[in-house]
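Each remark here refers to the structure printed beneath this line.
Naming convention: chains lettered A, B, ... in sequence-line order (proteins, then strands); numbering from 1 in each chain.
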Amino acid sequence: AQSVTQLDSHVSVSEGTPVLLRCNYSSSYSPSLFWYVQHPNKGLQLLLKYTSAATLVKGINGFEAEFKKSETSFHLTKPSAHMSDAAEYFCVVSGHNYGQNFVFGPGTRLSVLP
Amino acid sequence: GAVVSQHPSWVICKSGTSVKIECRSLDFQATTMFWYRQFPKQSLMLMATSNEGSKATYEQGVEKDKFLINHASLTLSTLTVTSAHPEDSSFYICSARDWDEAFFGQGTRLTVV
């Protein structure tokens with residue numbers, strides 16, 4: 001079984017300051033991990049993914065995440081927040097098999113203050 | 001990247017009527033598609049896994065007779081909400097897996113009045 005924990009339901013940062021969104025996962029086998037962003041009343045957009053290659057993954061819009069197996073973590077970071085980053089962020093875990101679904105974390109709402 | 005198209009993006013229907021939501025993989029074949037439901041300010045919860053040419057697999061607590069899923073081709077899965085009631089109002093999202101990545105439809109906001 002797989003599960004995802006996002007430790008913060010809401011994170012608030014000032015524009016121009018760093019962003020850290022935390023994610024821990026549980027998986028009985030080597031996982032694939034993803035971060036998706038959802039703006040209000042919109043669908044999901046993939047930010048980045050880890051699929052057993054490099055542990056430091058760079059995504060779109062300046063986001064990156066590091067897979068740490070020993071800590072079962074996949075935290076999302078960005079050096080400098082922008083107002084347009086305000087949204088809901090979901091950490092997602094899946095297996096490598098084609099028929100496996102994607103298990104979503106509860107989400108973290110990011111607010112960016114001017 | 002691959003594209004999943006979901007239609008309609010929003011729908012309002014009367015209680016007791018049925019609503020069909022379509023999910024299409026536009027440039028790849030998807031033997032498996034997934035249907036999720038999202039309540040306001042909550043995460044996505046898997047409702048069912050749709051398999052081409054066979055019966056869907058429903059998650060515990062999801063009524064298969066209320067949420068009918070058909071996956072008749074490698075590029076199309078449909079979710080029909082039968083005899084809809086206001087408590088069925090929600091955001092429904094489909095996804096299809098292409099190798100190591102899931103591609104999501106834009107979602108359907110269903111409002112039952």
(request) List the steps and the verdict of ring pair (Phe, Tyr, Trp, His ring centres under 6.0 Å) for A:Y89 and A:F63. (result) CA-CA 12 Å; A:Y89 291 79; A:F63 285 96; 5.7 Å; yes
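Scanning for salt bridge (Lys or Arg N to Asp or Glu O under 4.0 Å) contacts around B:R37 gives an empty result, with sequence neighbours left out. A search for side chain to side chain contact (heavy atoms under 4.5 Å, CB included) contacts involving A:S111 returns A:H10, A:S12, A:R109, not counting sequence neighbours.
Between B:F104 and B:Y36, the ring planes are tilted. Angles from 30° to 60° get that label.
Counting heavy-atom pairs closer than 4.5 Å to chain B, the top-ranked of the candidates A:E88, A:Q6, A:Q38 is A:Q38. Put simply, of A:G107, A:P106, A:P40, A:S9, the one with the most heavy-atom pairs under 4.5 Å next to chain B is A:P106.
For the atom pair CZ of A:F102 and OG of A:S32, the computed distance is 7.0 Å after rounding to the nearest 0.5 Å. The CD1 atom of B:I21 sits 10.5 Å away from the NE2 atom of B:H7 when rounded to the nearest 0.5 Å.
Close placement of the A:Y50 and A:F67 rings is indicated, their centers lying within 6.0 Å of each other.
The side-chain heavy atoms of A:Q45 and A:I60, taken from C-beta on, include a pair separated by under 4.5 Å.
Along residues 85-94 of chain B, the residues that come nearer than 4.5 angstrom to chain A, judged on non-hydrogen atoms, are B:F91, B:I93 in order of number. Residues from residues 56-66 of chain B never place a non-hydrogen atom less than 4.5 Å from a non-hydrogen atom of chain A.
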